[in-house]
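Just so it is clear, the values below take in all heavy atoms, side chains as well, and ignore hydrogens, waters and symmetry mates.
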Amino acid sequence: MLRRSSRQLPGSVTVEMALIFPLTLLILVMLLEVGMAFGWRFYVHTVAEEGMMLCRMREREGAGRQEAIAEADEYMLAKTTGRSGLSCEFSWSESGSFLSDSLTLRASGSCAGLLPVSFGMDVHSDAIDPVLFRDRVDLITELIQRMEKK
């Protein structure tokens with residue numbers, strides 16, 4: 001009499017599938033969720049960069065800083081509002097240095113799926129003000145000339 005192996009027993013495939021299928025499905029769903037979260041994060045980062053470029057472009061065209069920021073905020077909110085499961089906030093901060101004008105846009109948000117995911121990122125833009133640069137260079141040149149005369 002020949003014995004059958006365990007793989008040939010009736011119903012063994014069904015039992016194996018009942019054990020492995022939920023685990024496989026869970027892994028697949030988690031991979032999709034992580035992919036969606038990275039996709040939303042990338043989308044918000046792209047929108048924030050576009051907002052920063054819009055703000056700097058409007059400033060170069062002669063708009064005031066607050067007006068340019070308001071236009072960029074309106075643009076970014078229009079791009080992110082109404083997206084299912086996505087909520088975003090944008091905040092601006094300014095600083096200046098010896099020769100440059102720095103503007104930072106902080107974007108934070110969350111996307112809701114099976115597991116809610118939060119994210120945050122900064123977009124920086126440093127611009128050298130030509131008038132400020134010229135004035136600073138003139139000041140430095142004048143100081144060097146005074147030092148050479150002494």
**Message:** Applying side chain to side chain donor-acceptor pair (under 3.5 Å), can you list everything that pairs with Q145, at least two apart in sequence or on another chain?
**Reply:** none
**Item:** Set of residues satisfying side-chain contact (heavy atoms from CB on, under 4.5 Å) with respect to S87, sequence neighbours excluded
**Value:** S110
**Residues forming a side-chain contact (heavy atoms from CB on, under 4.5 Å) with Y75, sequence neighbours excluded** = E50, L54, K79
**Request:** Not counting sequence neighbours, which residues clear side-chain contact (heavy atoms from CB on, under 4.5 Å) with I27? List them please.
**Result:** L23, L31
**Request:** Not counting sequence neighbours, which residues clear side chain to side chain donor-acceptor pair (under 3.5 Å) with S108? List them please.
**Result:** none
**Message:** Could you see if L26 belongs to whatever hydrophobic cluster contains I20? Use Ile, Leu, Val, Met, Phe, Trp, Tyr and a side-chain cutoff under 4.5 Å.
**Reply:** no
**Request:** Grab the two heavy atoms, one from F90 and one from A48, that are nearest each other, plus how far apart they are.
**Result:** CE2-CB, 4.4 Å
**Message:** Would a single hydrophobic cluster contain both F42 and V34, if residues Ile, Leu, Val, Met, Phe, Trp and Tyr are joined by side-chain heavy-atom contacts under 4.5 Å?
**Reply:** no
**Item:** Of all pairs that satisfy salt bridge (charged side-chain N to carboxylate O under 4.0 Å, His left out), the ones with a partner from residues 110-123, not counting sequence neighbours
**Value:** R106-D122
**Prompt:** Please, which pairs that meet side-chain hydrogen bond (donor to acceptor under 3.5 Å, both in side chains) have at least one residue in residues 27-46, sequence neighbours excluded?
**Reply:** Y43-R83
**Request:** Using the test side chain to side chain donor-acceptor pair (under 3.5 Å), find all partners of E148 that sit at least two apart in sequence or belong to another chain.
**Result:** none
**Message:** According to a hydrophobic-cluster definition based on side-chain heavy atoms being under 4.5 Å apart (Ile, Leu, Val, Met, Phe, Trp, Tyr only), do M52 and M57 belong together?
**Reply:** yes
**Prompt:** Are C88 and L86 side-chain neighbours, meaning at least one heavy-atom pair lies under 4.5 Å?
**Reply:** yes
**Message:** List the residues meeting side chain to side chain donor-acceptor pair (under 3.5 Å) with R60, not counting sequence neighbours, and say none if there are none.
**Reply:** none
**Asked** Which atom pair, heavy atoms only, marks the closest approach of R58 to A68?
**Response** CB-CB, 3.8 Å
**Item:** Set of residues satisfying side-chain contact (heavy atoms from CB on, under 4.5 Å) with respect to R65, sequence neighbours excluded
**Value:** R56, E59, I69, E94, D101, L103
**Request:** Side-chain contact test, heavy atoms from C-beta onward, threshold under 4.5 Å: evaluate it for V44 versus F119 and give yes or no.
**Result:** yes
**Prompt:** salt bridge (Lys or Arg N to Asp or Glu O under 4.0 Å) with E49: which residues, sequence neighbours excluded?
**Reply:** none
**Asked** Roughly how far, to the nearest 0.5 Å, is SG of C55 from CG of D73?
**Response** 8.5 Å
